[in-house]
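Data block below; observations after.
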Amino acid sequence: MSEENNNQETTEVTNQEALEQVVSVNKGDTVTGTIVKIEDNQAYVSIGYKYDGIIPVRELSSVHVDSAADAVQVGQEVECKVVSINDDKESLVLSKRAIDSENAWETLEQRFEAGEVFEVTVSDVVKGGLVADVGARGFIPASMVERHFVEDFSDYKGRTLRVKVKELDRENNKVILSQKDVLEAEYEANKQSIMENLKEGQELTGTVQRLTQFGAFVDVGGVDGLVHVSEIAWTHVDKPADVLSEGDEVKVKVLRVDPEKGKISLSIKAAQPGPWESAADKFHTGDVVTGEVKRLVTFGAFVEIAPGVEGLVHISQISHKHIGTPQEVLEEGQTVTVKVLDVNPSEKRVSLSIKETEEAPAEEPKAPRENKSKAPKQEEINNPNVSLSNQGMNVTLGDLFGDKLSKFK
């Protein structure tokens with residue numbers, strides 16, 4: 001055999017081997033390949049066929065991606081389904097999403113039945129919640145993301161969350177996930193452990209987690225306890241938000257622990273010195289201070305002379321003049337000056353006086369008494385009914401009848 005014939009046979013064998021190595025591809029087949037090139041709207045895949053296949057961006061992921069690079073990278077091995085093939089045009093269209101979805105549903109069903117916790121990456125933030133690619137489009141409603149309310153989810157994209165399958169509906173391609181369920185379960189387990197070690201009267205440092213109209217929830221080592229609004233401060237608090245903010249670090253005292261109900265009652269004010277504890281050092285008998293009239297009662301007025309310290313001004317100590325009720329001269333909210341008459345911190349009692357801070361009014365001059373020994377007023381002498389006294393008889397007959405006698409001379 002000539003050398004030329006040998007070379008021809010070798011070439012034919014090589015071409016035949018090459019043809020045999022080219023995979024056979026039909027529509028609907030599942031193939032495995034490697035990403036060899038990425039463009040914005042598609043990725044090229046080598047599957048061992050005579051030309052590369054293309055995965056359009058819409059077929060790369062079960063969730064929306066802006067570009068192919070967001071879903072795959074060069075060198076990555078992928079499993080795809082053949083969507084269409086046209087050798088005349090050397091067009092081989094593949095779908096990674098179709099295979100991911102088929103594989104995902106079986107896995108999702110297993111995880112749903114087992115209550116398995118698994119990780120997902122947030123691929124998008126949409127109205128009402130978050131989206132994650134779990135082979136199918138997984139949706140995490142806003143109410144199922146955290147244990148607490150979240151106003152803005154804009155920084156959640158790209159985050160890794162630990163979730164459970166909450167709801168599954170393959171027919172409608174519906175997958176609902178929840179991170180909140182995972183966090184709640186962990187919280188409850190941790191809560192029971194912590195509550196077993198909490199003791200009434202114990203003082204702890206906690207962090208304000210959230211505020212409500214009726215109080216503040218404070219995290220003490222991984223569990224939340226309630227500080228009722230009446231236990232926030234020694235002074236009256238209308239709303240917790242007036243004196244506290246979320247994230248504040250506060251010292252609290254454990255009031256009650258109820259493991260069965262899972263409730264912890266805390267107090268901020270009980271962990272602080274009470275106003276009456278310092279009253280003995282701050283106020284002394286004879287001190288003159290200012291205060292606010294807090295309450296008016298029939299027997300007097302209660303005046304706050306320090307936050308949480310109220311003293312009684314008895315009605316007899318309100319004014320120098322006699323009053324029937326305190327309301328005649330005082331009103332609630334009025335600022336008054338008072339004198340401390342007595343301090344008794346152990347009984348939480350202070351006696352006060354308003355009138356002792358004021359000068360007593362000058363006494364009014366008394367009306368002169370009538371002189372009962374005064375001689376009676378003399379009657380007029382020409383009164384014919386009154387006898388003339390000796391003094392009154394000094395008048396002579398000549399004085400009385402002189403004019404008439406002169407006619408007889």
Side-chain angles (χ1 to χ4, degrees), residues 201 203 208 211-216 218 227-245 248-253 255 265-368:
E203 292 190 358
V208 177
L211 301 172
T212 65
Q213 284 292 102
F214 56 85
V218 177
V227 179
H228 190 267
V229 64
S230 63
E231 291 294 333
I232 290 177
W234 288 106
T235 54
H236 176 73
V237 175
D238 287 324
K239 295 184 297 181
D242 291 340
V243 293
L244 294 173
S245 300
D248 284 354
E249 189 174 275
V250 292
K251 190 174 181 181
V252 295
K253 189 172 186 176
L255 299 182
S265 297
L266 306 171
S267 174
I268 294 176
K269 76 177 186 181
Q272 301 171 344
W276 287 98
E277 293 178 29
S278 56
D281 295 330
K282 190 172 183 180
F283 302 106
H284 304 89
T285 300
D287 288 351
V288 175
V289 296
T290 57
E292 181 183 342
V293 176
K294 288 294 186 180
R295 291 176 292 139
L296 296 175
V297 292
T298 56
F299 54 86
F302 286 94
V303 176
E304 186 180 59
I305 56 176
V309 178
E310 288 185 7
L312 172 65
V313 181
H314 190 268
I315 190 169
S316 64
Q317 292 294 327
I318 291 178
S319 175
H320 285 282
K321 67 179 183 180
H322 174 76
I323 58 174
T325 64
Q327 286 84 349
E328 292 178 25
V329 292
L330 296 174
E331 60 182 22
E332 293 181 0
Q334 181 180 345
T335 299
V336 292
T337 302
V338 292
K339 185 176 183 179
V340 179
L341 301 181
D342 183 54
V343 182
N344 192 334
S346 61
E347 295 184 9
K348 296 182 178 180
R349 193 168 62 196
V350 175
S351 296
L352 305 170
S353 173
I354 294 176
K355 77 176 187 179
E356 290 202 14
T357 66
E358 303 170 344
E359 289 187 15
E363 293 187 8
E364 295 181 4
K366 295 181 180 179

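Given the structure is predicted, the values throughout are model-derived calculations rather than measurements.
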Exercise for the section: Find out whether Leu352 and Val340 are in side-chain contact, i.e. whether some heavy atom of one side chain is under 4.5 Å from a heavy atom of the other. Expected result: yes
Problem - Shortest non-hydrogen separation from Ile305 to Phe283 and the atoms involved - result: O-CZ, 3.6 Å
Completion exercise
Between Ala271 and Lys253 the two heavy atoms that sit nearest each other are CB-N, 4.0 Å
Completion exercise
So NZ of Lys282 and CH2 of Trp276: to nearest 0.5 Å the spacing works out to 12.0 Å
Exercise for the section: Report yes if some heavy atom in the side chain of Val289 is under 4.5 Å from a heavy atom in the side chain of Val338; otherwise report no. Expected result: yes
Problem - Approximate separation, where rounding is to 0.5 Å, of Leu312 CG and Asp342 CG - result: 11.5 Å
Handout entry: From Gln334 atom CD to Leu296 atom CG, the distance as rounded to the nearest 0.5 Å
Key = 8.5 Å
Problem - Distance, nearest 0.5 Å, that separates NZ of Lys239 from OG1 of Thr212 - result: 12.5 Å
Handout entry: Beyond-backbone contact of Val250 with Val227, side-chain heavy atoms, under 4.5 angstrom
Key = no
Practice task
Taking all heavy atoms of Val329 and all of Lys321, pick out the closest pair and write down the distance.
Solution key: CG1-CE, 4.4 Å
Practice task
Step through the shown structure and confirm whether more than 12 heavy atoms of other residues, nucleotides or ligands are within 6.0 Å of NE2 on His284.
Solution key: yes
Exercise for the section: Look at the side chain of Lys355 and the backbone N and O of Ser316, then say whether any donor-acceptor pair between them is shorter than 3.5 Å. Expected result: yes
Fill in the blank from the handout: Of Glu332, Glu331, Glu310, the one forming a salt bridge (charged side-chain N to carboxylate O under 4.0 Å, His left out) with Arg295 is Glu310
Exercise for the section: Look at the side chain of Trp234 and the backbone N and O of Val309, then say whether any donor-acceptor pair between them is shorter than 3.5 Å. Expected result: no
Fill in the blank from the handout: Nearest heavy-atom approach of Ile318 to Gly300 is CD1-CA, 4.4 Å
Problem - Side chain to side chain, Lys251 and Gln272, heavy atoms closer than 4.5 Å - result: no
Exercise for the section: Give the minimum heavy-atom separation between Ser353 and Thr357, together with the two atoms involved. Expected result: O-CG2, 3.9 Å
Fill in the blank from the handout: Rounded to the nearest 0.5 angstrom, the NE2-NZ distance for His228 and Lys269 is 11.0 Å
Problem - Closest heavy-atom pair and its distance - Glu231, Leu266 - result: CB-O, 4.0 Å
Handout entry: Straight-line distance of Thr325 OG1 to Leu330 CG, nearest 0.5 Å
Key = 9.5 Å
Exercise for the section: Decide yes or no for Ile268 and Leu244: does some side-chain heavy atom of the first lie under 4.5 Å from some side-chain heavy atom of the second? Expected result: yes
